[in-house]
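Side chains included, hydrogens not; waters and symmetry mates left out as well; all remaining heavy atoms used.
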Amino acid sequence: KHDRNLPLLELAVRDTPERVFLWAHLGETLAGLGRLDAAETALRTSIQTARDSTDPKQRADGATAWLHLIHLRDWPDGAALTLAEEALADHPTHRGLHFALALQLFANRRAAEARPLVEALLRADAERFLDPLVASDKRVFTEWPAVFLGDLLLRSADPAGARPPSF
């Protein structure tokens with residue numbers, strides 16, 4: 001699939017370079033082909049194109065590129081956390097980026113900071129949540145943070161913290 005999509009996406013970004021999602025999808029495709037440096041370039045182009053755009057939809061689509069960039073590779077110590085923090089500064093209401101930040105905080109031994117982010121996702125009403133510019137997988141409000149919170153609590157050094165949170 002990636003081999004098929006690559007030439008189509010390369011043509012599409014040449015024809016419409018202002019389309020943020022196309023750059024993000026190109027980055028995802030290049031990553032799938034193992035071309036991580038080229039993928040990073042495409043994702044960073046997507047992010048910059050989003051930042052430069054005045055179109056709210058194009059700006060919102062930059063969050064997709066951020067998500068792919070954060071998870072693109074095994075970044076050096078703390079680099080993925082820095083990316084997640086920068087992404088959330090660009091897109092403070094994007095729930096997927098809240099979850100990505102929580103994962104990076106936990107990976108950097110900052111579980112106490114991750115927990116409130118995850119608990120907030122679980123408190124959200126997945127059935128009623130609506131962002132007119134960004135589609136959200138309902139699992140970002142349900143099973144993903146629930147599993148993560150369970151893991152976080154099980155790994156907690158504080159046995160009192162291993163109680164289920166009250167929502």
Checklist line | Nearest-0.5 Å distance, CG of residue Asp90 to CH2 of residue Trp66 | finding: 5.5 Å

Next item on the list: Please say whether more than 12 non-hydrogen atoms of neighbouring residues, nucleotides or ligands are located less than 6.0 Å from CG in Asp77.
Entry: no

Next item on the list: Heavy atoms only: give me the nearest Phe148-Ala102 pair and the separation to one decimal.
Entry: CZ-O, 3.7 Å

Next item on the list: Before accepting this row, confirm whether a basic side-chain N of the pair Arg44/Glu40 lies closer than 4.0 Å to the acidic partner's carboxylate O.
Entry: yes

Item checked: Salt-bridge criterion met for Arg73 and Asp37 (N-O under 4.0 Å) -> yes

Item checked: Leu97 reachable from Leu133 in the ILVMFWY side-chain graph, under 4.5 Å edges -> no

Check: Where is the tightest heavy-atom contact between Gly62 and His91, given as atom of each residue plus distance?
Finding: C-NE2, 3.6 Å

Check: Is there side-chain contact between Leu69 and Leu72, with heavy atoms separated by less than 4.5 Å?
Finding: yes

Next item on the list: With rounding to the nearest 0.5 Å, note down the distance linking CZ in Phe21 to CG in Leu9.
Entry: 8.5 Å

Checklist line | From CA spacing to verdict: side-chain contact (heavy atoms from CB on, under 4.5 Å), Leu67, Thr64 | finding: CA-CA 5 Å; Leu67 285 169; Thr64 300; 5.7 Å; no

Item checked: Main-chain N/O of Asp55 paired to Ser53 side chain as donor or acceptor, under 3.5 Å -> yes

Next item on the list: Answer yes or no: is there a side-chain heavy-atom contact under 4.5 Å between Asn5 and His25?
Entry: yes

Margin query: As an exercise, state the distance from OG1 of Thr41 to CG of Leu26, rounded to the nearest 0.5 Å.
Written below: 10.0 Å

Next item on the list: Count the heavy atoms of every other residue, nucleotide or ligand shown that sit under 6.0 Å from CG of Asp74, and state whether that count exceeds 12.
Entry: no

Next item on the list: Spell out, yes or no, whether Val140 and Val118 are grouped together once hydrophobic residues are joined by side-chain heavy atoms under 4.5 Å, including indirect joins.
Entry: yes

Next item on the list: Look at the side chain of Gln58 and the backbone N and O of Val20, then say whether any donor-acceptor pair between them is shorter than 3.5 Å.
Entry: yes

Note to self: On a heavy-atom basis, which atom in Ala42 and which in Leu30 lie closest, and how many Å separate them?
What the structure shows: CB-CD1, 4.2 Å

Next item on the list: Could you grab the distance from atom NZ of Lys57 to atom CZ of Arg19, nearest 0.5 Å is fine?
Entry: 9.0 Å

Check: Should Trp144 and Leu103 be regarded as members of a common hydrophobic cluster, given that ILVMFWY residues are connected when their side-chain heavy atoms come within less than 4.5 Å of each other, either directly or indirectly?
Finding: yes

Item checked: Check: Asp151 side chain, Val147 main-chain N or O, donor-acceptor pair, under 3.5 Å -> no

Notebook entry, point to check: Transitively linked via ILVMFWY side-chain contacts under 4.5 Å: Leu22 with Leu33?
Noted result: yes

Notebook entry, point to check: Between atom CZ of Arg59 and atom CZ of Arg51, what is the distance when rounded to the nearest 0.5 Å?
Noted result: 9.5 Å

Notebook entry, point to check: Does the side-chain contact (heavy atoms from CB on, under 4.5 Å) test come out yes or no for Arg123 and Glu119, once each step is laid out?
Noted result: CA-CA 6 Å; Arg123 282 192 301 274; Glu119 289 174 340; 3.7 Å; yes

Check: From Leu81 CG over to Phe106 CZ, what is the distance, rounded to the nearest 0.5 angstrom?
Finding: 13.5 Å

Check: Under 4.5 Å between side-chain heavy atoms, hopping through other hydrophobics if needed: is there a path connecting Leu6 to Trp23?
Finding: yes

Check: How far apart are the closest heavy atoms of Pro145 and Arg139, and which atoms are they?
Finding: CD-O, 3.3 Å

Note to self: Within the 4.5 Å heavy-atom criterion, are Leu149 and Arg115 side-chain neighbours or not?
What the structure shows: yes

Next item on the list: For residues Ala111 and Leu152, report the shortest heavy-atom separation together with the two atoms involved.
Entry: O-CD1, 3.9 Å

Item checked: Shortest non-hydrogen separation from Ala24 to Leu43 and the atoms involved -> O-CD2, 3.7 Å

